[in-house]
Asker: 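The following block contains the structure, expressed as C-alpha coordinates.
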There are 2 protein chains.
Amino acid sequence: METQTQHYVRRDERREMIAQAARDLLAEKGLAGLRTRDIAARVGISVSTLQFHVRSKAALLDFIAETTRDAFLALLPPEPDPAKDALLQLRAEVQAFHDSLIHRPDLAATFAQLEQAAGGQAGLAATMAEFKALWAGRYTRILTIGRDQGLFRPDMAPLPAAMMVTATLVAFQNRGPDGLTLFWPVYDEIQRALLAPTP
Amino acid sequence: METQTQHYVRRDERREMIAQAARDLLAEKGLAGLRTRDIAARVGISVSTLQFHVRSKAALLDFIAETTRDAFLALLPPEPDPAKDALLQLRAEVQAFHDSLIHRPDLAATFAQLEQAAGGQAGLAATMAEFKALWAGRYTRILTIGRDQGLFRPDMAPLPAAMMVTATLVAFQNRGPDGLTLFWPVYDEIQRALLAPTP
DNA sequence: AGACAAATCGATCAAATGATCGATTCATGG
DNA sequence: CCATGAATCGATCATTTGATCGATTTGTCT
(Lines give C-alpha, C1' and ligand atoms only; values in the text may rest on other atoms or scores of the structure.)
Protein backbone atom coordinates (compact mmCIF):
# COMPACT_ATOMS: atom_id res chain seq x y z
CA MET A 1 0.00 0.00 0.00
CA GLU A 2 1.91 2.93 -1.34
CA THR A 3 0.94 6.53 -0.99
CA GLN A 4 -1.54 7.10 -3.76
CA THR A 5 0.39 8.19 -6.82
CA GLN A 6 0.12 11.90 -6.98
CA HIS A 7 0.72 13.68 -10.23
CA TYR A 8 2.18 17.13 -10.49
CA VAL A 9 4.11 17.70 -7.33
CA ARG A 10 6.08 20.91 -7.01
CA ARG A 11 9.78 20.82 -7.59
CA ASP A 12 10.99 21.05 -4.00
CA GLU A 13 8.54 18.49 -2.73
CA ARG A 14 9.33 16.10 -5.54
CA ARG A 15 13.03 16.45 -4.92
CA GLU A 16 12.47 15.63 -1.28
CA MET A 17 10.56 12.49 -2.26
CA ILE A 18 13.42 11.55 -4.57
CA ALA A 19 15.98 12.05 -1.82
CA GLN A 20 14.01 9.88 0.58
CA ALA A 21 13.60 7.07 -1.94
CA ALA A 22 17.28 7.28 -2.77
CA ARG A 23 18.22 7.05 0.91
CA ASP A 24 16.05 3.99 1.40
CA LEU A 25 17.47 2.27 -1.65
CA LEU A 26 20.97 3.23 -0.62
CA ALA A 27 20.39 1.55 2.71
CA GLU A 28 18.94 -1.54 1.06
CA LYS A 29 21.10 -2.16 -1.99
CA GLY A 30 24.18 -0.11 -1.25
CA LEU A 31 25.84 2.45 -3.45
CA ALA A 32 26.99 -0.16 -5.94
CA GLY A 33 23.39 -1.19 -6.49
CA LEU A 34 21.81 2.24 -6.67
CA ARG A 35 19.90 2.62 -9.94
CA THR A 36 18.09 5.70 -11.11
CA ARG A 37 15.36 3.45 -12.46
CA ASP A 38 14.76 1.98 -9.00
CA ILE A 39 14.58 5.42 -7.46
CA ALA A 40 12.09 6.60 -10.04
CA ALA A 41 9.98 3.49 -9.60
CA ARG A 42 9.86 3.92 -5.83
CA VAL A 43 8.87 7.55 -6.13
CA GLY A 44 6.28 6.57 -8.67
CA ILE A 45 7.58 8.65 -11.55
CA SER A 46 9.32 7.90 -14.81
CA VAL A 47 13.05 8.02 -15.27
CA SER A 48 12.61 11.06 -17.48
CA THR A 49 10.90 12.94 -14.70
CA LEU A 50 13.64 11.96 -12.30
CA GLN A 51 16.22 13.31 -14.72
CA PHE A 52 14.17 16.46 -15.03
CA HIS A 53 14.38 17.12 -11.31
CA VAL A 54 17.97 16.00 -10.84
CA ARG A 55 20.22 16.45 -13.86
CA SER A 56 22.70 13.62 -13.35
CA LYS A 57 23.51 10.83 -10.97
CA ALA A 58 26.46 12.78 -9.61
CA ALA A 59 24.18 15.70 -8.86
CA LEU A 60 21.83 13.23 -7.22
CA LEU A 61 24.52 12.04 -4.84
CA ASP A 62 25.40 15.62 -3.92
CA PHE A 63 21.75 16.33 -3.30
CA ILE A 64 21.31 13.22 -1.18
CA ALA A 65 24.33 14.15 0.91
CA GLU A 66 23.00 17.63 1.64
CA THR A 67 19.49 16.57 2.57
CA THR A 68 20.79 13.69 4.69
CA ARG A 69 23.13 16.01 6.55
CA ASP A 70 20.30 18.45 7.23
CA ALA A 71 17.91 15.71 8.28
CA PHE A 72 20.42 14.28 10.71
CA LEU A 73 21.46 17.57 12.24
CA ALA A 74 17.80 18.39 12.79
CA LEU A 75 17.51 15.37 15.09
CA LEU A 76 20.28 16.47 17.43
CA PRO A 77 19.75 18.09 20.84
CA PRO A 78 20.41 21.80 21.48
CA GLU A 79 23.93 23.11 21.13
CA PRO A 80 26.34 22.24 23.95
CA ASP A 81 25.83 24.59 26.89
CA PRO A 82 28.64 25.26 29.41
CA ALA A 83 26.00 26.02 32.04
CA LYS A 84 24.40 22.60 31.92
CA ASP A 85 25.59 19.24 33.19
CA ALA A 86 27.98 17.82 30.60
CA LEU A 87 27.21 14.19 31.39
CA LEU A 88 23.53 14.77 30.77
CA GLN A 89 24.32 16.55 27.53
CA LEU A 90 26.57 13.70 26.45
CA ARG A 91 23.87 11.19 27.21
CA ALA A 92 21.29 13.24 25.36
CA GLU A 93 23.56 13.46 22.35
CA VAL A 94 24.10 9.71 22.33
CA GLN A 95 20.41 9.11 22.90
CA ALA A 96 19.61 11.22 19.85
CA PHE A 97 21.96 9.13 17.74
CA HIS A 98 20.46 5.95 19.12
CA ASP A 99 16.98 7.17 18.26
CA SER A 100 18.10 8.06 14.76
CA LEU A 101 19.34 4.51 14.26
CA ILE A 102 15.90 3.22 15.19
CA HIS A 103 13.58 5.72 13.60
CA ARG A 104 15.69 6.87 10.69
CA PRO A 105 18.06 4.01 9.90
CA ASP A 106 18.36 5.34 6.39
CA LEU A 107 20.35 8.34 7.55
CA ALA A 108 23.36 6.60 9.05
CA ALA A 109 23.30 3.97 6.32
CA THR A 110 23.32 6.67 3.68
CA PHE A 111 26.31 8.33 5.27
CA ALA A 112 28.18 5.07 5.34
CA GLN A 113 27.49 4.48 1.67
CA LEU A 114 28.28 8.00 0.54
CA GLU A 115 31.57 7.98 2.38
CA GLN A 116 32.72 5.23 0.06
CA ALA A 117 31.88 7.38 -2.94
CA ALA A 118 33.38 10.56 -1.52
CA GLY A 119 36.73 9.70 -3.00
CA GLY A 120 36.09 10.95 -6.50
CA GLN A 121 33.29 13.44 -5.92
CA ALA A 122 34.74 16.77 -4.86
CA GLY A 123 31.44 18.26 -3.75
CA LEU A 124 30.45 15.10 -1.96
CA ALA A 125 33.70 14.89 -0.06
CA ALA A 126 33.29 18.49 1.03
CA THR A 127 29.77 17.96 2.30
CA MET A 128 30.78 14.83 4.18
CA ALA A 129 33.85 16.43 5.71
CA GLU A 130 31.88 19.46 6.78
CA PHE A 131 29.29 17.27 8.43
CA LYS A 132 31.80 15.13 10.25
CA ALA A 133 33.55 18.23 11.54
CA LEU A 134 30.25 19.65 12.78
CA TRP A 135 29.23 16.45 14.49
CA ALA A 136 32.57 15.72 16.12
CA GLY A 137 32.74 19.37 17.16
CA ARG A 138 29.62 18.99 19.26
CA TYR A 139 31.17 16.12 21.19
CA THR A 140 34.46 17.97 21.55
CA ARG A 141 32.65 20.89 23.12
CA ILE A 142 30.61 18.74 25.47
CA LEU A 143 33.72 16.90 26.60
CA THR A 144 35.59 20.15 27.16
CA ILE A 145 32.70 21.46 29.22
CA GLY A 146 32.59 18.29 31.26
CA ARG A 147 36.31 18.39 31.92
CA ASP A 148 36.06 21.99 33.08
CA GLN A 149 33.17 21.00 35.31
CA GLY A 150 35.36 18.38 36.92
CA LEU A 151 33.10 15.56 35.78
CA PHE A 152 35.56 14.02 33.34
CA ARG A 153 39.19 13.07 33.79
CA PRO A 154 41.49 16.11 33.96
CA ASP A 155 43.91 14.39 31.58
CA MET A 156 41.16 13.71 29.03
CA ALA A 157 41.92 15.20 25.60
CA PRO A 158 38.57 16.41 24.17
CA LEU A 159 39.28 16.06 20.46
CA PRO A 160 40.77 12.54 20.55
CA ALA A 161 38.09 11.49 22.99
CA ALA A 162 35.40 12.90 20.70
CA MET A 163 36.81 10.94 17.78
CA MET A 164 36.74 7.84 19.95
CA VAL A 165 33.10 8.39 20.87
CA THR A 166 31.83 9.22 17.40
CA ALA A 167 33.76 6.37 15.83
CA THR A 168 32.28 3.96 18.34
CA LEU A 169 28.76 5.21 17.70
CA VAL A 170 29.15 4.97 13.94
CA ALA A 171 30.16 1.33 14.31
CA PHE A 172 26.58 0.52 15.33
CA GLN A 173 25.32 1.41 11.91
CA ASN A 174 24.46 -1.30 9.34
CA ARG A 175 23.66 -4.03 11.84
CA GLY A 176 20.91 -6.58 11.95
CA PRO A 177 17.88 -6.54 14.24
CA ASP A 178 19.91 -7.50 17.32
CA GLY A 179 22.70 -5.14 16.36
CA LEU A 180 21.86 -2.62 19.03
CA THR A 181 22.02 -5.06 21.92
CA LEU A 182 25.44 -3.83 22.94
CA PHE A 183 24.74 -0.17 22.30
CA TRP A 184 24.09 0.88 25.88
CA PRO A 185 26.67 -1.44 27.45
CA VAL A 186 29.20 0.14 25.14
CA TYR A 187 28.00 3.60 26.05
CA ASP A 188 28.31 2.75 29.73
CA GLU A 189 31.90 1.72 29.07
CA ILE A 190 32.54 5.03 27.31
CA GLN A 191 31.09 6.85 30.26
CA ARG A 192 33.25 4.98 32.75
CA ALA A 193 36.23 5.69 30.52
CA LEU A 194 35.55 9.42 30.61
CA LEU A 195 34.48 10.03 34.18
CA ALA A 196 37.01 11.36 36.68
CA PRO A 197 38.09 8.74 39.20
CA THR A 198 36.30 9.13 42.55
CA PRO A 199 38.88 8.91 45.35
CA MET B 1 56.60 0.36 -15.90
CA GLU B 2 54.63 -2.71 -14.96
CA THR B 3 56.02 -6.05 -14.01
CA GLN B 4 56.83 -7.63 -17.32
CA THR B 5 53.72 -9.43 -18.53
CA GLN B 6 54.22 -13.06 -17.77
CA HIS B 7 52.22 -15.63 -19.64
CA TYR B 8 51.10 -18.89 -18.19
CA VAL B 9 51.05 -18.42 -14.48
CA ARG B 10 49.72 -21.23 -12.35
CA ARG B 11 46.22 -21.02 -11.01
CA ASP B 12 46.95 -20.17 -7.38
CA GLU B 13 49.52 -17.56 -8.26
CA ARG B 14 47.28 -15.97 -10.87
CA ARG B 15 44.40 -15.86 -8.44
CA GLU B 16 46.61 -14.10 -5.92
CA MET B 17 47.57 -11.50 -8.55
CA ILE B 18 43.89 -11.03 -9.31
CA ALA B 19 43.04 -10.56 -5.66
CA GLN B 20 45.78 -7.98 -5.23
CA ALA B 21 44.70 -5.99 -8.28
CA ALA B 22 41.10 -6.15 -7.13
CA ARG B 23 42.07 -4.86 -3.68
CA ASP B 24 43.96 -1.94 -5.17
CA LEU B 25 41.11 -1.02 -7.49
CA LEU B 26 38.65 -1.41 -4.67
CA ALA B 27 40.65 1.08 -2.65
CA GLU B 28 40.88 3.48 -5.58
CA LYS B 29 37.48 3.39 -7.22
CA GLY B 30 35.31 1.87 -4.53
CA LEU B 31 32.97 -1.08 -4.82
CA ALA B 32 30.57 0.84 -7.05
CA GLY B 33 33.35 1.41 -9.54
CA LEU B 34 34.88 -2.05 -9.51
CA ARG B 35 34.98 -3.48 -13.04
CA THR B 36 36.19 -6.90 -14.05
CA ARG B 37 37.75 -5.30 -17.11
CA ASP B 38 39.84 -2.99 -14.98
CA ILE B 39 41.02 -5.86 -12.84
CA ALA B 40 42.01 -7.92 -15.87
CA ALA B 41 43.83 -4.94 -17.38
CA ARG B 42 45.81 -4.34 -14.21
CA VAL B 43 46.79 -7.97 -13.95
CA GLY B 44 47.73 -7.94 -17.61
CA ILE B 45 45.34 -10.63 -18.76
CA SER B 46 42.16 -10.68 -20.82
CA VAL B 47 38.70 -10.65 -19.34
CA SER B 48 38.23 -14.20 -20.54
CA THR B 49 41.22 -15.36 -18.55
CA LEU B 50 39.93 -13.54 -15.51
CA GLN B 51 36.61 -15.31 -15.85
CA PHE B 52 38.47 -18.59 -16.26
CA HIS B 53 40.16 -18.15 -12.89
CA VAL B 54 37.17 -16.69 -11.06
CA ARG B 55 33.77 -17.78 -12.32
CA SER B 56 31.67 -14.74 -11.48
CA LYS B 57 31.92 -11.34 -9.89
CA ALA B 58 30.16 -12.62 -6.79
CA ALA B 59 32.74 -15.38 -6.48
CA LEU B 60 35.40 -12.74 -6.95
CA LEU B 61 34.13 -10.75 -3.99
CA ASP B 62 34.07 -13.86 -1.83
CA PHE B 63 37.61 -14.65 -2.90
CA ILE B 64 38.79 -11.12 -2.20
CA ALA B 65 37.26 -11.22 1.25
CA GLU B 66 38.99 -14.45 2.14
CA THR B 67 42.44 -13.44 0.92
CA THR B 68 42.15 -10.02 2.54
CA ARG B 69 41.18 -11.57 5.84
CA ASP B 70 44.12 -13.94 5.68
CA ALA B 71 46.55 -11.20 4.65
CA PHE B 72 45.43 -8.98 7.52
CA LEU B 73 45.49 -11.67 10.17
CA ALA B 74 49.00 -12.58 9.09
CA LEU B 75 50.15 -9.08 10.04
CA LEU B 76 48.96 -9.32 13.63
CA PRO B 77 51.18 -10.00 16.64
CA PRO B 78 51.18 -13.35 18.48
CA GLU B 79 48.03 -14.47 20.23
CA PRO B 80 47.22 -12.72 23.54
CA ASP B 81 49.25 -14.24 26.35
CA PRO B 82 48.08 -14.01 29.98
CA ALA B 83 51.69 -14.23 31.12
CA LYS B 84 52.79 -11.07 29.33
CA ASP B 85 52.14 -7.43 30.07
CA ALA B 86 48.70 -6.56 28.69
CA LEU B 87 49.49 -2.93 28.00
CA LEU B 88 52.46 -3.92 25.86
CA GLN B 89 50.32 -6.43 24.02
CA LEU B 90 47.64 -3.81 23.45
CA ARG B 91 50.18 -1.37 22.10
CA ALA B 92 51.68 -4.03 19.86
CA GLU B 93 48.26 -4.88 18.51
CA VAL B 94 47.52 -1.24 17.74
CA GLN B 95 50.97 -0.76 16.27
CA ALA B 96 50.34 -3.66 13.91
CA PHE B 97 47.12 -2.05 12.73
CA HIS B 98 48.87 1.27 12.30
CA ASP B 99 51.57 -0.37 10.23
CA SER B 100 48.96 -2.09 8.09
CA LEU B 101 47.39 1.27 7.31
CA ILE B 102 50.74 2.53 6.07
CA HIS B 103 52.18 -0.47 4.29
CA ARG B 104 49.01 -2.22 3.20
CA PRO B 105 46.35 0.49 2.93
CA ASP B 106 44.47 -1.71 0.50
CA LEU B 107 43.52 -4.15 3.24
CA ALA B 108 41.51 -1.83 5.47
CA ALA B 109 40.05 -0.06 2.45
CA THR B 110 38.94 -3.37 1.00
CA PHE B 111 37.24 -4.32 4.22
CA ALA B 112 35.40 -1.02 4.30
CA GLN B 113 34.18 -1.50 0.75
CA LEU B 114 33.20 -5.13 1.16
CA GLU B 115 31.23 -4.38 4.28
CA GLN B 116 28.90 -2.28 2.15
CA ALA B 117 28.33 -5.23 -0.15
CA ALA B 118 27.93 -7.78 2.62
CA GLY B 119 24.22 -7.11 2.81
CA GLY B 120 23.18 -9.30 -0.09
CA GLN B 121 26.07 -11.74 -0.29
CA ALA B 122 25.54 -14.55 2.19
CA GLY B 123 29.06 -15.91 1.92
CA LEU B 124 30.58 -12.47 2.07
CA ALA B 125 28.65 -11.52 5.15
CA ALA B 126 29.78 -14.72 6.84
CA THR B 127 33.44 -14.12 6.05
CA MET B 128 33.25 -10.53 7.25
CA ALA B 129 31.42 -11.44 10.44
CA GLU B 130 33.89 -14.21 11.19
CA PHE B 131 36.78 -11.85 10.70
CA LYS B 132 35.33 -9.12 12.88
CA ALA B 133 34.64 -11.63 15.62
CA LEU B 134 38.21 -12.90 15.45
CA TRP B 135 39.71 -9.44 15.50
CA ALA B 136 37.53 -8.07 18.29
CA GLY B 137 38.15 -11.28 20.21
CA ARG B 138 41.88 -10.58 20.35
CA TYR B 139 41.24 -7.21 21.94
CA THR B 140 38.68 -8.66 24.32
CA ARG B 141 41.22 -11.19 25.54
CA ILE B 142 43.99 -8.63 25.92
CA LEU B 143 41.68 -6.35 27.90
CA THR B 144 40.56 -9.20 30.12
CA ILE B 145 44.16 -10.12 30.80
CA GLY B 146 45.03 -6.53 31.60
CA ARG B 147 42.11 -6.20 33.98
CA ASP B 148 43.14 -9.36 35.78
CA GLN B 149 46.67 -8.03 35.97
CA GLY B 150 45.35 -4.92 37.68
CA LEU B 151 46.58 -2.69 34.88
CA PHE B 152 43.15 -1.68 33.63
CA ARG B 153 40.13 -0.38 35.51
CA PRO B 154 38.43 -3.10 37.59
CA ASP B 155 35.05 -1.92 36.29
CA MET B 156 36.15 -2.12 32.66
CA ALA B 157 33.94 -4.42 30.56
CA PRO B 158 36.26 -6.18 28.09
CA LEU B 159 33.82 -6.78 25.23
CA PRO B 160 32.32 -3.27 25.09
CA ALA B 161 35.78 -1.80 25.55
CA ALA B 162 37.09 -3.95 22.72
CA MET B 163 34.31 -2.74 20.44
CA MET B 164 35.21 0.80 21.38
CA VAL B 165 38.87 0.27 20.54
CA THR B 166 38.36 -1.54 17.25
CA ALA B 167 35.71 0.92 16.11
CA THR B 168 38.05 3.81 16.84
CA LEU B 169 40.89 2.18 14.93
CA VAL B 170 38.71 1.44 11.93
CA ALA B 171 37.76 5.10 11.76
CA PHE B 172 41.31 5.90 10.66
CA GLN B 173 40.81 4.05 7.44
CA ASN B 174 40.13 5.91 4.16
CA ARG B 175 41.86 9.14 5.13
CA GLY B 176 44.15 11.40 3.20
CA PRO B 177 47.90 11.73 3.67
CA ASP B 178 47.54 13.66 6.94
CA GLY B 179 44.81 11.34 8.12
CA LEU B 180 47.00 9.56 10.63
CA THR B 181 48.09 12.70 12.45
CA LEU B 182 45.70 12.03 15.29
CA PHE B 183 46.26 8.30 15.39
CA TRP B 184 48.63 8.19 18.35
CA PRO B 185 46.98 11.01 20.29
CA VAL B 186 43.75 9.06 20.01
CA TYR B 187 45.48 5.89 21.10
CA ASP B 188 46.93 7.70 24.10
CA GLU B 189 43.42 8.76 25.01
CA ILE B 190 42.24 5.17 24.72
CA GLN B 191 45.06 4.09 26.98
CA ARG B 192 44.25 6.71 29.59
CA ALA B 193 40.62 5.62 29.37
CA LEU B 194 41.51 2.02 30.12
CA LEU B 195 44.23 2.30 32.75
CA ALA B 196 43.32 1.87 36.38
CA PRO B 197 43.44 5.15 38.33
CA THR B 198 46.64 5.56 40.30
CA PRO B 199 45.80 6.76 43.82
C1' DA C 1 58.02 -36.39 -30.07
C1' DG C 2 53.25 -37.02 -28.92
C1' DA C 3 49.33 -36.41 -26.06
C1' DC C 4 46.67 -34.36 -22.77
C1' DA C 5 45.51 -30.83 -19.59
C1' DA C 6 45.96 -26.02 -18.28
C1' DA C 7 45.94 -21.31 -19.41
C1' DT C 8 45.03 -17.51 -22.53
C1' DC C 9 42.79 -14.79 -25.98
C1' DG C 10 39.53 -12.58 -29.47
C1' DA C 11 35.00 -12.12 -30.86
C1' DT C 12 30.56 -11.70 -29.55
C1' DC C 13 26.13 -11.51 -26.82
C1' DA C 14 22.37 -9.98 -24.00
C1' DA C 15 21.09 -7.24 -20.49
C1' DA C 16 21.52 -3.17 -17.86
C1' DT C 17 22.07 1.69 -17.44
C1' DG C 18 22.36 6.66 -17.65
C1' DA C 19 20.92 10.02 -20.58
C1' DT C 20 18.30 12.68 -24.39
C1' DC C 21 14.31 14.35 -27.16
C1' DG C 22 9.85 15.50 -28.46
C1' DA C 23 5.15 15.24 -27.32
C1' DT C 24 1.55 15.53 -23.76
C1' DT C 25 -0.78 16.80 -19.56
C1' DC C 26 -1.69 19.68 -15.74
C1' DA C 27 -1.73 24.07 -13.01
C1' DT C 28 -2.24 28.85 -12.65
C1' DG C 29 -2.50 33.76 -13.43
C1' DG C 30 -4.71 37.21 -16.28
C1' DC D 1 -11.16 30.40 -20.64
C1' DC D 2 -6.93 30.51 -22.54
C1' DA D 3 -1.94 31.19 -22.69
C1' DT D 4 2.25 30.19 -20.63
C1' DG D 5 5.32 27.60 -18.05
C1' DA D 6 6.11 23.60 -15.18
C1' DA D 7 5.90 18.69 -14.71
C1' DT D 8 5.44 14.13 -16.70
C1' DC D 9 5.90 10.42 -19.90
C1' DG D 10 7.19 7.07 -23.76
C1' DA D 11 10.46 5.89 -26.99
C1' DT D 12 14.97 5.55 -28.08
C1' DC D 13 20.25 5.85 -27.97
C1' DA D 14 24.99 4.90 -26.99
C1' DT D 15 27.84 2.74 -23.70
C1' DT D 16 29.05 -0.15 -20.38
C1' DT D 17 29.42 -4.57 -18.34
C1' DG D 18 29.38 -9.29 -17.02
C1' DA D 19 29.43 -13.44 -19.25
C1' DT D 20 30.00 -17.22 -22.99
C1' DC D 21 32.19 -19.90 -26.77
C1' DG D 22 35.52 -21.71 -29.70
C1' DA D 23 40.16 -21.58 -31.10
C1' DT D 24 44.99 -21.26 -29.89
C1' DT D 25 49.09 -21.44 -27.27
C1' DT D 26 51.93 -23.26 -23.54
C1' DG D 27 53.36 -26.50 -19.98
C1' DT D 28 54.03 -31.31 -18.57
C1' DC D 29 54.18 -36.15 -18.46
C1' DT D 30 55.55 -40.38 -20.67
Asker: Considering residues at least two apart in sequence or located in another chain, which fulfil the ring-ring contact (aromatic ring centres under 6.0 Å, His included) criterion with A:Tyr139?
Answerer: A:Trp135

Asker: Any side-chain hydrogen bond (donor to acceptor under 3.5 Å, both in side chains) pairs touching residues 29-38 of chain A, not counting sequence neighbours?
Answerer: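 Qualifying pairs, neighbours excluded: none.
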
Asker: Given atom CG of A:Leu25 and atom C1' of C:dG18, what is their separation to the nearest angstrom?
Answerer: 16 Å

Asker: Using a heavy-atom distance cut-off of less than 4.0 Å, which residues of residues 48-55 of chain B contact DNA chain C?
Answerer: B:Ser48, B:Thr49, B:Phe52, B:His53

Asker: Among pairs that include at least one residue of residues 98-112 of chain B, which meet salt bridge (Lys or Arg N to Asp or Glu O under 4.0 Å), considering only residues two or more places apart or in two chains?
Answerer: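 For residues 98-112 of chain B, and leaving out neighbouring residues, the salt bridge (Lys or Arg N to Asp or Glu O under 4.0 Å) pairs sorted by first residue read B:Arg23-B:Asp106, B:Arg104-B:Asp106.
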
Asker: Which whole-number value in Å describes the distance from B:Arg15 CZ to C:dA6 C1'?
Answerer: 15 Å

Asker: Pairs in or reaching into residues 89-98 of chain A: which pass salt bridge (Lys or Arg N to Asp or Glu O under 4.0 Å), with residues at least two apart or in two chains?
Answerer: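 For residues 89-98 of chain A, and leaving out neighbouring residues, the salt bridge (Lys or Arg N to Asp or Glu O under 4.0 Å) pairs sorted by first residue read A:Glu93-A:Arg138.
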
Asker: Going by side chain to side chain contact (heavy atoms under 4.5 Å, CB included), name the residues that satisfy it together with A:Gln113, two or more places apart in sequence or in a different chain.
Answerer: A:Leu26, A:Leu31, B:Gln116

Asker: Cut-off 3.5 Å, side chains only: do B:Asp24 and B:Gln20 have a donor facing an acceptor?
Answerer: yes

Asker: Tell me which donor-acceptor pairs under 3.5 Å the side chains of residues 156-172 of chain A have, and how far apart each pair is, sequence neighbours excluded?
Answerer:
{"from": "A:Thr166", "atom 1": "OG1", "to": "A:Ala162", "atom 2": "O", "distance (Å)": "3.0"}
{"from": "A:Thr166", "atom 1": "OG1", "to": "A:Met163", "atom 2": "O", "distance (Å)": "3.2"}
{"from": "A:Thr168", "atom 1": "OG1", "to": "A:Met164", "atom 2": "O", "distance (Å)": "2.7"}

Asker: Mind checking salt bridge (charged side-chain N to carboxylate O under 4.0 Å, His left out) for A:Asp155 and listing every partner two or more places apart, or none if nothing turns up?
Answerer: A:Arg153

Asker: What does the list of N/O pairs under 3.5 Å between the protein and nucleotides 15-17 of chain D look like, with a distance for each?
Answerer:
{"from": "D:dT17", "atom 1": "OP1", "to": "B:Arg35", "atom 2": "NE", "distance (Å)": "2.2"}
{"from": "D:dT17", "atom 1": "OP1", "to": "B:Arg35", "atom 2": "NH2", "distance (Å)": "3.4"}
{"from": "D:dT17", "atom 1": "O5'", "to": "B:Arg35", "atom 2": "NE", "distance (Å)": "3.2"}

Asker: What N/O pairs connect the protein and nucleotides 25-30 of chain D at under 3.5 Å? Give each pair on its own line.
Answerer:
{"from": "D:dT25", "atom 1": "O2", "to": "B:Tyr8", "atom 2": "OH", "distance (Å)": "2.1"}
{"from": "D:dT26", "atom 1": "O4'", "to": "B:Tyr8", "atom 2": "OH", "distance (Å)": "3.4"}
{"from": "D:dT28", "atom 1": "OP1", "to": "B:Arg10", "atom 2": "NH2", "distance (Å)": "2.4"}

Asker: Which pairs, with at least one residue in residues 54-74 of chain A and sequence neighbours excluded, count as a salt bridge (Lys or Arg N to Asp or Glu O under 4.0 Å)?
Answerer: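 Qualifying pairs: A:Arg69-A:Glu130.
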
Asker: Which residues satisfy the side-chain hydrogen bond (donor to acceptor under 3.5 Å, both in side chains) test with B:Gln121, sequence neighbours excluded?
Answerer: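 B:Gln121 satisfies side-chain hydrogen bond (donor to acceptor under 3.5 Å, both in side chains) with no residue once adjacent residues are dropped.
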
